[in-house]
Amino acid sequence: MPMAKALNAGLAAALAADERVLLLGEDIGTLGGVFRITEGLQDRFGANRVRDTPLAESGIIGTAIGLALRGYRPVVEIQFDGFVWPGFDQITSQLAKMLNRLPAQAALPVVVRIPYGGHIGAVEHHQESPETYFAHTPGLRVVSPSTPNDAYWMIQEAIAGNDPVVFLEPKSRYWPKGRVDAVGGAVPMHLSVVARPGTEVTLVGHGAMVATLLQAAELAEAEGTSAEVIDLRSISPIDWDPIVDSVQKTGRLVVAQEASGFVSVGSEICATIAERAFYTLQAPPLRVSGFDIPFPQSRLEHLHLPDADRVLEAVDRALAY
């Protein structure tokens with residue numbers, strides 16, 4: 001099934017398993033969400049548990065925090081990545097820090113769903129990659145699935161946990177289909193996984209970029225280069241062991257992301273690998289990213305977003321070092 005349907009099924013499973021789970025967001029009820037992720041859930045679980053909200057992101061997040069403090073498990077949808085900023089203060093100043101302010105409060109189970117990233121030809125404020133802001137904020141867990149199977153299981157794990165989770169959904173991966181194992185296909189959401197084994201260079205990415213890295217690895221193989229692809233899955237915390245193990249084997253690292261490269265998730269990965277695997281590196285860790293500009297007009301997004309060719313250019317530089 002496509003990731004959109006997998007998320008819908010995962011949300012339905014969470015709603016069915018625990019009556020404290022509530023969904024909040026703009027147009028998520030009658031419409032089923034802009035991307036139809038919540039389609040049919042209001043009919044199935046009622047308007048009290050799948051609630052349309054006013055167009056007020058700060059109010060949505062603040063309401064969710066209050067609900068969580070009262071024992072509920074709210075899941076809020078931010079309609080597009082670029083619309084999260086009106087609720088940013090609530091997320092970073094309140095949601096992330098509330099547990100430290102209230103020592104008696106043992107849980108703050110709020111999940112903030114954010115469709116993010118480019119590749120859909122959308123207009124301004126509809127194709128941004130804000131993950132670094134949240135990963136930089138202590139107190140938040142930040143994850144991003146790249147496959148329908150991960151989406152199905154990770155959304156349920158995020159909702160069942162007791163910590164705030166920023167759940168980033170790569171909107172360009174909503175529609176491609178993948179196998180979903182609804183019985184035993186769960187990998188804990190904070191583990192990195194090897195999406196494709198290789199021996200000569202390590203490629204690391206998250207969300208939609210994983211598909212680009214897999215494409216680049218396939219093209220590299222046709223040219224005689226063996227590339228290992230690591231799907232980060234969790235941006236905060238990061239599961240470092242699979243990345244370190246891979247780099248110690250290959251000696252080379254290329255990190256790709258849609259977000260701008262300056263002070264980014266890719267920067268952190270490169271710095272940490274330089275610290276932990278310095279003596280096995282045969283070339284400097286390299287970043288392939290969006291340019292350090294506001295996201296451009298849709299007709300220029302293909303120039304801004306990393307593609308397989310840009311990844312392979314970095315692979316060639318690493319191999320030639």
Side-chain angles (χ1 to χ4, degrees), residues 7-8 10-35 37-39 41-42 44-102 104-116 130-131 133-145 151 154-169 189 235-236:
L7 286 165
N8 181 279
L11 289 169
L15 285 160
D18 190 340
E19 63 181 12
R20 297 173 298 171
V21 175
L22 308 173
L23 308 187
L24 309 173
E26 299 160 14
D27 298 322
I28 69 166
T30 303
L31 181 65
V34 170
F35 297 100
I37 306 302
T38 54
E39 189 170 36
L41 296 182
Q42 189 178 76
R44 181 174 172 185
F45 295 99
N48 284 334
R49 298 188 64 197
V50 181
R51 298 190 66 90
D52 285 320
T53 66
L55 199 161
E57 287 79 10
S58 181
I60 295 169
I61 302 296
T63 299
I65 293 170
L67 286 165
L69 292 173
R70 296 289 294 183
Y72 292 95
R73 292 183 172 271
V75 182
V76 306
E77 176 181 308
I78 302 300
Q79 201 169 77
F80 279 92
D81 36 38
F83 299 159
V84 73
W85 309 120
F88 186 74
D89 178 62
Q90 289 280 18
I91 296 172
T92 57
S93 295
Q94 305 300 329
L95 182 60
K97 300 173 183 176
M98 190 71 72
L99 289 178
N100 278 0
R101 294 196 189 112
L102 303 174
Q105 185 71 24
L108 198 63
V110 177
V111 176
V112 182
R113 295 181 42 242
I114 307 176
Y116 81 114
E131 59 265 38
Y133 293 93
F134 302 113
H136 181 73
T137 304
L140 299 174
R141 297 179 183 268
V142 185
V143 300
S144 180
M154 289 169 69
I155 190 63
Q156 294 180 71
E157 183 178 350
I159 294 169
N162 287 328
D163 295 324
V165 178
V166 175
F167 196 92
L168 296 161
E169 301 168 8
M189 71 179 183
I235 301 168
S236 181

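Being a predicted model, the structure only gives us computed values, none of them experimental.
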Q. Can you list the steps and then say if Val34 with Ile28 is a side-chain contact (heavy atoms from CB on, under 4.5 Å)?
A. CA-CA 8 Å; Val34 170; Ile28 69 166; over 6 Å; no
Which heavy atom in [X] sits nearest to a heavy atom in [Y], and how many Å separate them?
X      : Y      : result
Ser58  : Pro86  : CB-O, 3.2 Å
Ala135 : Ile235 : CB-CG2, 3.7 Å
Ala13  : Gln156 : CB-OE1, 3.4 Å

Q | Those residues that, when tested against Phe45, pass ring-ring contact (aromatic ring centres under 6.0 Å, His included) (two or more places apart) | A | none
Q | Donor + acceptor pair across side chains of Asn8, Glu39 (<3.5 Å) | A |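 Not at all, the side chains of Asn8 and Glu39 share no donor-acceptor pair under 3.5 Å.
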Q. Without hydrogens or angle criteria, can the side chains of Arg51 and Gln42 be said to hold a donor-acceptor pair below 3.5 Å?
A.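 There is no such pair (donor and acceptor under 3.5 Å, judged by atom type) between the side chains of Arg51 and Gln42.
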Any [X] side-chain heavy atom under 4.5 Å of [Y] side chain:
X      : Y      : value
Phe167 : Val76  : no
Trp85  : Pro130 : yes
Val21  : Arg49  : yes
Met189 : Val165 : yes
Asp27  : Gln79  : yes
Ile114 : Val166 : yes
Leu140 : Val112 : no
Leu24  : Val75  : no

Looking at [X] and [Y], would you say the former's side chain and the latter's main chain have a donor-acceptor pair under 3.5 Å?
X     : Y     : result
Arg44 : Ala12 : no
Thr38 : Gly32 : yes
Asp52 : Glu26 : no

If you round to the nearest 0.5 Å, how far is [atom2] of [Y] from [atom1] of [X]?
X      : Y      : atom1 : atom2 : result
Ile78  : Leu168 : CD1   : CG    : 11.0 Å
Leu23  : Thr53  : CG    : OG1   : 11.5 Å
Ile61  : Gln94  : CD1   : CD    : 11.5 Å
Leu7   : Met154 : CG    : CE    : 10.0 Å
Ser236 : His136 : OG    : NE2   : 11.0 Å
Asn162 : Arg73  : CG    : CZ    : 5.0 Å

Anything under 3.5 Å between a donor and an acceptor, one on a side chain of residues 62-70, the other on a protein residue two or more places apart or in another chain? List them.
| from | atom 1 | to | atom 2 | distance (Å) |
| --- | --- | --- | --- | --- |
| Thr63 | OG1 | Gly59 | O | 2.7 |

Q) Taking atom OH of Tyr133 as the centre, does the number of heavy atoms from other residues, nucleotides or ligands within less than 6.0 Å exceed 12? A) no
Q. Within a radius of less than 6.0 Å around OH of Tyr72, do more than 12 heavy atoms belonging to other residues, nucleotides or ligands occur?
A. no
(Q) Between Leu11 and Ile159, is the side-chain contact (heavy atoms from CB on, under 4.5 Å) condition met? List the steps. (A) CA-CA 9 Å; Leu11 289 169; Ile159 294 169; 3.9 Å; yes
**Q.** Ring centre gap for Phe88 and Phe134 strictly below 6.0 Å
**A.**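 Yes: the rings meet the under 6.0 Å criterion.
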Q: Let me see the working for Phe80 and Phe35 under ring-ring contact (aromatic ring centres under 6.0 Å, His included), right down to the final yes or no.
A: CA-CA 10 Å; Phe80 279 92; Phe35 297 100; 5.3 Å; yes
Q: Might you work through the side-chain contact (heavy atoms from CB on, under 4.5 Å) test for Ile91 and Val84, ending with a clear yes or no?
A: CA-CA 9 Å; Ile91 296 172; Val84 73; 3.8 Å; yes
Q: For Asp89, enumerate each residue passing the side chain to side chain contact (heavy atoms under 4.5 Å, CB included) test, keeping only those at least two apart in sequence or located in another chain.
A: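 Checked Asp89 against side chain to side chain contact (heavy atoms under 4.5 Å, CB included); matches are Ser93.
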Q) Step by step, would you call Val111 with Ile155 a side-chain contact (heavy atoms from CB on, under 4.5 Å)? A) CA-CA 9 Å; Val111 176; Ile155 190 63; 4.2 Å; yes
